[in-house]
Amino acid sequence: VIDPRARTRALSRAQMELVAGRVSALNECFY
Amino acid sequence: VSGELEGARFDLHAVTDAAAAGSAGVPYERELLALAEAVVRGAEVELAHARGKALAALGPEGFVAAAAVASNFERMVRIADATGIPLDAPLDAISASMRAELGIDAFGSAANTPSVSPARRLLGRALAPFARYLMPALAGLSRRFTKRA
C-alpha cells in the first residue's frame, strides 16, 4: 500500500496517477 | 483519495474515456494523457509528437517523471495480469462503486478478483468517505511490516 500523501518534486500525485491510470486502462488492467 | 488529500476533486472518467481528456482537473492533463496513449498504442511518429508536447509543457524533470510512470505501469500491468493478482481487501469493497461507474469491472483481469458481496459493497460505501484516513494508515502498517520482514 502506497501512502497517497507521498509527494515528488517534478509531478504531483494526481498527475502521476492520471498517467498510471490511463496506461493501466489502455491495457485493460483491473488491478 | 490523493486528490482529496491535496484539497482537490478530479473527474476520474479521463482514465477510461479518451473523450473526457481535458475535464479531469489535473494540470497538463492533455499532454499527460497523450503521452500515456502514445506509449501504449502510438506509432513512432505519434510517440515523438507526444514526447515533444509533454516536454514543452512539463519541462525536463516533469517529462522524465511522466515517462518513467508510463513505462513502469506498462511493465506492472503485465505482471499483475500474468500472475493473476486480486484486488486487496478492503480496497475491493471501497472501490466497488467507482469501478462499476468507470467500467473497470468489464476488463478481462477483473476475473482475478472475487465479486464483492452485497453486504461488503454496503460496507465499502460506508467506508469510502474515510479512505483518505485509511490509506495512509494502511501504508504505515505496510512499511512497518516490510521493515520487520
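The analysis underlying the following values was restricted to heavy atoms, covering all of them including side chains, and did not include hydrogens, waters or symmetry mates. Values in this document were obtained by computation on a predicted structure and should not be read as measured data. Below, read A as the first sequence line, B as the second, and so on, with proteins coming before strands; counting in each chain starts at 1.
Note: the hydrophobic cluster containing B:Leu87 also contains B:Met98 (ILVMFWY, side chain heavy atoms under 4.5 Å, direct or indirect links). B:Val77 and B:Ile85 sit in two unconnected hydrophobic clusters of ILVMFWY residues. Membership requires side-chain heavy atoms under 4.5 Å apart, directly or through other members. Follow the hydrophobic side-chain contacts under 4.5 Å out from B:Val15 and you reach B:Met76 in the same cluster. A single hydrophobic cluster is seen to contain both B:Phe10 and B:Leu32, as judged by linkage of ILVMFWY side chains at heavy-atom distances under 4.5 Å, directly or through other members. Note on B:Leu55 and B:Tyr28: separate hydrophobic clusters, where clusters join Ile, Leu, Val, Met, Phe, Trp and Tyr whose side-chain heavy atoms are under 4.5 Å apart, directly or indirectly.
Taking all atoms of both residues into account, the shortest heavy-atom contact from B:Phe107 to A:Ala25 is CZ-O, 3.8 Å. Scanning all heavy atoms of the two residues, the minimum distance from A:Leu18 to B:Ala14 falls at CD1-CB, 4.3 Å. Considering all non-hydrogen atoms of both residues, B:Ala36 and A:Val23 come closest at CB-CG2, 3.8 Å. Taking all atoms of both residues into account, the shortest heavy-atom contact from A:Cys29 to B:Asp81 is SG-OD1, 3.7 Å.
Contacts with chain A were tallied for B:Leu35, B:Asn72, B:Val40, B:Val64; B:Val40 has the most, counting heavy-atom pairs under 4.5 Å. Ranking B:Asp92, B:Thr113, B:Asn112 against chain A, the residue ahead of the rest is B:Thr113, based on heavy-atom pairs under 4.5 Å.
The backbone N or O of B:Pro27 sits less than 3.5 Å from a side-chain atom of A:Gln15, completing a donor-acceptor pair. Between the B:Ser109 side chain and the A:Glu28 main chain, a donor and an acceptor come within less than 3.5 Å of each other.
Looking at B:Ala80, only its side chain comes within 4.5 Å of chain A, counting heavy atoms on both sides. When heavy atoms are compared at a cutoff of 4.5 Å, B:Val26 approaches chain A solely by way of its side chain, counted from C-beta outward. Heavy atoms of B:Pro86 lying under 4.5 Å from chain A belong exclusively to its backbone. Heavy-atom distances place no part of B:Ala68 under 4.5 Å from chain A, backbone and side chain included.
Atom CZ of B:Arg120 is surrounded by more than 12 heavy atoms from other residues, nucleotides or ligands within 6.0 Å. Few gaps surround NE2 on B:His13; more than 12 heavy atoms of other groups in view lie less than 6.0 Å from it.
Distance check, rounded to the nearest 0.5 Å: CD of B:Glu74 to CG of A:Leu26 gives 8.5 Å.
Judged as a salt bridge (Lys or Arg N to Asp or Glu O under 4.0 Å), and not counting sequence neighbours, the contacts of B:Glu37 are A:Arg22, B:Arg41.
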